[in-house]
There are 2 protein chains.
Amino acid sequence: MSPNEEIAASRKEQILQSAAALFASQGFYKTTTAHVAEAVGVTQPYVFHFFKSKEQLYLAVLEKAFDRMMNQFFTVNAPPDQLSTEMGRQFELLLQSHRNEMLLLMQSFTTPEPAVRNFVKEKYSFAYDRLVERFVKAGVPNPQWQASMFISLGLIGTLAEVLELPKLAPWCDSE
Amino acid sequence: MSPNEEIAASRKEQILQSAAALFASQGFYKTTTAHVAEAVGVTQPYVFHFFKSKEQLYLAVLEKAFDRMMNQFFTVNAPPDQLSTEMGRQFELLLQSHRNEMLLLMQSFTTPEPAVRNFVKEKYSFAYDRLVERFVKAGVPNPQWQASMFISLGLIGTLAEVLELPKLAPWCDSE
DNA sequence: ACTCATTTATTTATCAATAAATAAAGTTAT
DNA sequence: ATAACTTTATTTATTGATAAATAAATGAGT
């Protein structure tokens with residue numbers, strides 16, 4: 001990899017990172033490609049050198065976030081009776097280390113672009129299935145219910161963070 | 001000429017209703033004032049005769065939805081041990097009778113307009129406080145936890161509806 | 001009953017701003 | 001010199017919002 005390519009690669013990473021922060025706090029529509037470019041320190045059209053559209057950029061950010069989350073969950077190895085709790089702890093760690101990505105993930109289901117909807121639907125479906133599978137293998141009772149509850153805790157944690165109302169989810173109070 | 005029944009219903013009400021449907025399915029940004037006008041059958045600038053901005057229209061829709069929900073909850077009178085379950089049932093009824101308003105309510109926390117954020121924060125805070133109060137008065141153990149769980153069930157129900165993934169919340173499968 | 005005046009309802013025309021996307025040119029490193 | 005990197009300039013489309021005009025209804029005085 002030549003130095004130029006390294007720079008380009010890092011630019012792409014920088015764009016993904018800045019985009020994650022902006023999309024998480026401003027949402028898809030209020031975040032402009034110019035904002036992303038400015039945050040990185042490049043010009044707006046240059047963003048299109050790496051991503052063929054704003055939507056593709058958004059999807060790339062989401063995919064990265066999803067992969068990170070799934071990795072974190074499925075590297076956990078805890079006894080069945082502590083599995084749910086331990087995975088919850090892992091999510092809280094992610095919420096500290098990659099707050100933007102996680103908040104974005106949990107809000108992404110409200111972005112009404114059809115391509116985004118399909119993508120998010122697929123990912124949530126996949127995540128749910130793997131959670132159930134995990135609980136089943138661990139012999140936990142009511143695996144489907146456990147999986148649903150796990151996701152819903154992520155949702156209300158995000159709600160609490162976004163609205164800055166820690167009382168709504170005191171158990172993941174980070175400040 | 002005798003007044004057409006459709007026109008007889010207040011235009012403002014019609015606008016609020018169409019806006020609720022559009023905002024719920026398309027979100028704040030993708031819903032244009034022209035879409036709302038078209039759905040009602042009036043011209044786009046006429047919407048501004050009733051609401052001084054698109055944001056005010058959105059807030060008006062939210063307020064109406066929120067008031068309806070709080071009313072439904074607080075006209076319930078059930079024995080303490082069935083309070084949470086009964087209010088859940090009431091929410092499911094609302095989800096059938098006023099689906100758009102309820103889905104909108106549960107997604108509104110992701111709209112990044114500052115005025116919307118403040119409004120939604122206030123309303124969620126108020127709703128949570130009144131839920132806790134209700135559970136406390138009924139002598140239910142862990143009233144805060146109960147209130148949080150109640151809201152989080154609404155969230156995952158909405159997620160399931162929006163993504164059309166009933167398996168995520170089978171207990172409120174409506175189709 | 002009929003006109004005139006006033007309010008209410010709604011439209012046409014248009015502005016000003018924003019933002020995504022393209023193309024072409026310039027820069028830098030090897 | 002060439003290929004990768006990055007910018008400038010521009011286009012095209014959309015949309016929230018305003019102003020002014022038109023039409024329909026209401027009501028008072030005659």
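Nearer the 5' end of DNA chain C, as judged by each residue's closest nucleotide, is the contact made by B/His49, out of A/Tyr29 and B/His49.
Contact annotation: B/Arg11 side-chain N/O to C/dT10 OP1/OP2 distance is under 4.0 Å. In this model, the phosphate group of D/dT15 is not approached by any side-chain N or O of B/Thr32 to a distance below 4.0 Å at OP1 or OP2. Here A/Tyr46 does not reach the OP1 or OP2 of D/dT7: none of its side-chain N or O atoms lies under 4.0 Å away. Taking only side-chain nitrogens and oxygens, A/Thr33 never comes nearer than 4.0 Å to OP1 or OP2 of C/dA19.
Within the 3.5 Å criterion, the main-chain N or O of A/Trp145 finds no donor-acceptor partner in the side chain of A/Ser148. No donor-acceptor pair under 3.5 Å is formed between the side chain of B/Lys30 and the backbone N or O of B/Ser25.
For B/Arg89 and B/Glu92, the salt-bridge test fails: no basic side-chain N is under 4.0 Å from an acidic carboxylate O.
Taking atom NZ of residue B/Lys54 and atom C1' of nucleotide C/dA17, one finds them 14 Å apart after rounding to whole Å. Rounded to an integer number of Å, the gap from NZ of A/Lys52 to P of C/dA20 is 16 Å. In this structure, NE2 of B/His35 is placed 10 Å from C1' of D/dT14, rounded to the nearest angstrom. D/dG16 atom C1' lies 14 Å from atom CD of B/Gln56, rounded to whole Å. Distance CZ (A/Phe48) to P (C/dA23): 13 Å, rounded to an integer number of Å. The nearest whole Å value for the distance from the NZ atom in B/Lys30 to the P atom in D/dT14 is 13 Å. Taking atom CD of A/Glu55 as the reference point, atom C1' of C/dA19 lies 15 Å away to the nearest angstrom. Between A/Phe50 atom CZ and C/dA21 atom C1' there is a gap of 16 Å when expressed in whole angstrom units.
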inquiry  = Could you go through B/Phe150 and B/Gln146, starting from their C-alpha distance and side-chain angles, then the distance that decides it, and tell me whether this counts as side chain to side chain contact (heavy atoms under 4.5 Å, CB included)?
reply    = CA-CA 6 Å; B/Phe150 189 76; B/Gln146 288 285 332; over 6 Å; no
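With hydrogens and angles ignored, no donor-acceptor pair closer than 3.5 Å exists between the side chain of A/Gln44 and the base of C/dA19.
Relative to the six-membered ring of B/Phe74, B/Arg130 meets both conditions, a distance below 6.0 Å and an angle of at most 45° to the axis.
Side-chain atoms of A/Thr43 lie closest to D/dT8 of the nucleotides D/dT8, C/dT22, D/dA17.
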